[in-house]
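Written out below as structure tokens is the structure these notes cover.
None of these values were measured; they are calculated from a predicted model.
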Amino acid sequence: MTKRRLALLIAGLLPVLALASYAAITRINLNPRHTVGEQLDALNGVAIYYNGGVNTVQGRHLSKDGYNLGLRYQCVEFVKRYYFERHNHRMPDTYGHAKDFFDPRLNEGELNTQRAMLQFHNGGSTAPQADDLLVFGPSLLNRYGHVAVIASVGATSLEIAQQNPGPFGNARENLALTQQAGRWTIQAPEVLGWLRLPPAETTAEPGNL
């Protein structure tokens, strides 16, 4: 084999090795301070669990009557469990990655029928509120996106509650919020927008697991 061919072979293998290494390391708990499945926090009585590596999966979580809450202890599992336990809300589409929770084809305030929630765009005319579901799009190292629940909103920032932010991430995170010319923008990379329960559902009785 010539040096040129060897160099080309190595160049072709490097991306494959990098992807394999990333896939392996994101399934390992690198933080000895916590164990997978440990409760880290709770939002309005709904527990937030530690997941270790972001691609760690501990099986599918179903309610007692079979409603799919998602893969333990991924970010999607927390938000679906949050709306189910707190508001007895069931999403018509019980599958999908985090990025799939936001439908870019919808207009501001239109009903997202897959999630049975109203949808608002980041940079749109509707301010985010506590209890909204925040959706992040994919990034270079995260092709699935991310979801969280907005815990509180202030004049210039908001706090989110999240599951599976990474082995050294925090269950709570503050993001900058700006308002200009009637447009509200969460100043964080990849934020697509937020979803909100229709008014009638915010007073629903809690669900039972």
With T113 via side chain to side chain contact (heavy atoms under 4.5 Å, CB included) - residues at least two apart: L111
Salt bridge (Lys or Arg N to Asp or Glu O under 4.0 Å) against R143, all qualifying residues, sequence neighbours excluded: none
Do E190 and N142 make a side-chain contact, defined as non-hydrogen atoms from C-beta onward lying under 4.5 Å apart? no
For the pair Q74 (side chain) and V54 (backbone), establish whether a donor and an acceptor sit closer than 3.5 Å, ignoring hydrogens and angles. yes
So which atom in A148 and which in A161 form the shortest heavy-atom distance, rounded to 0.1 Å? CB-O, 3.4 Å
Given the rule in the side chain to side chain contact (heavy atoms under 4.5 Å, CB included) test, do Y82 and N44 qualify, once you have shown the distances and angles that lead to the verdict? CA-CA 9 Å; Y82 178 85; N44 296 316; 2.7 Å; yes
Side-chain (N122) to main-chain (I186) donor-acceptor, under 3.5 angstrom: yes
Taking the side chain from Y67 and the backbone from M91, do they hold a donor-acceptor pair closer than 3.5 Å? yes
Show your working on side chain to side chain contact (heavy atoms under 4.5 Å, CB included) between R115 and Y83 and close with a plain yes or no. CA-CA 11 Å; R115 310 304 164 186; Y83 291 105; over 6 Å; no
Only one of N112, D103, T126 forms a side chain to side chain donor-acceptor pair (under 3.5 Å) with Q119, so which one is it? N112
Please report the shortest heavy-atom distance between E77 and L71, naming the atom on each side. CB-O, 3.4 Å
Would you tell me whether Y95 and D100 have side-chain atoms, one donor and one acceptor, within less than 3.5 Å of each other? no
pair P165-E173: side-chain heavy atoms closer than 4.5 Å: no
Within the structure provided, determine whether L134 and V191 are in side-chain contact (heavy-atom separation under 4.5 Å). yes
Apart from L40 itself, its cluster of hydrophobic side chains linked below 4.5 Å comprises Y50
Just by modelled atom types, is the F120 backbone N or O under 3.5 Å from a matching donor or acceptor in the R196 side chain? no
Any side-chain to backbone donor/acceptor pair from S157 onto G154? Under 3.5 Å, distance only. no
Mind jotting down which residue pairs meet the salt bridge (Lys or Arg N to Asp or Glu O under 4.0 Å) criterion with at least one end in residues 38-55? Sequence neighbours excluded, please. D41-R172
Taking all non-hydrogen atoms of both residues into account, name the closest pair between N68 and R60 and its distance. OD1-NH1, 3.0 Å
Go through it in stages, so that I can follow the logic: the residues are V135 and L195, the test is side chain to side chain contact (heavy atoms under 4.5 Å, CB included), and I'd like the CA-CA distance, side-chain angles, deciding distance and then a yes or no. CA-CA 8 Å; V135 186; L195 277 63; 4.0 Å; yes
Is there a donor in the side chain of Q180 and an acceptor in the side chain of T185, or the other way round, less than 3.5 Å apart? no
The reported gap from CD in E108 to CG in L118 (rounded to nearest 0.5 angstrom) is 10.5 Å
Taking H121 for its side chain and L106 for its backbone only, find out whether a donor-acceptor pair lies under 3.5 Å. yes
Pairs meeting criterion ring pair (Phe, Tyr, Trp, His ring centres under 6.0 Å) with involvement of residues 137-178, two or more places apart: H97-Y144, F136-H146
Short side-chain to backbone donor-acceptor contact, Q163 and Y49, under 3.5 Å: yes
Minimum heavy-atom separation for A130 and S152, please, with both atom names. CB-CA, 4.2 Å
Are the side chain of N31 and the backbone of P167 linked by a donor-acceptor contact shorter than 3.5 Å? yes
Who are the side chain to side chain donor-acceptor pair (under 3.5 Å) partners of Q39, not counting sequence neighbours? none
Taken to the nearest 0.5 Å, the spacing of L43 CG from E159 CD works out to 8.5 Å
Looking only at heavy atoms, the pair that brings W184 and P128 closest together is CB-CD, 4.2 Å
Please assess V147 against F102 for the test side chain to side chain contact (heavy atoms under 4.5 Å, CB included), listing each intermediate value before the final yes or no. CA-CA 10 Å; V147 285; F102 191 88; over 6 Å; no
Check whether any side-chain heavy atom of I150 sits under 4.5 Å from a side-chain heavy atom of Q129, and report yes or no. no
Hey, could you give me the OG1/NZ distance between T94 and K80, rounded to the nearest 0.5 Å? 4.5 Å
So, do F101 and L192 sit near enough that their side-chain heavy atoms are less than 4.5 Å apart? no
Backbone N or O of F84 within a donor-acceptor pair of the R90 side chain at under 3.5 Å? no
Keeping the roles fixed (side chain from Q162, backbone from N170), state whether a donor-acceptor pair exists under 3.5 Å. yes
How close do A188 and L175 get, counting heavy atoms only, and between which atoms? CB-CD2, 4.0 Å
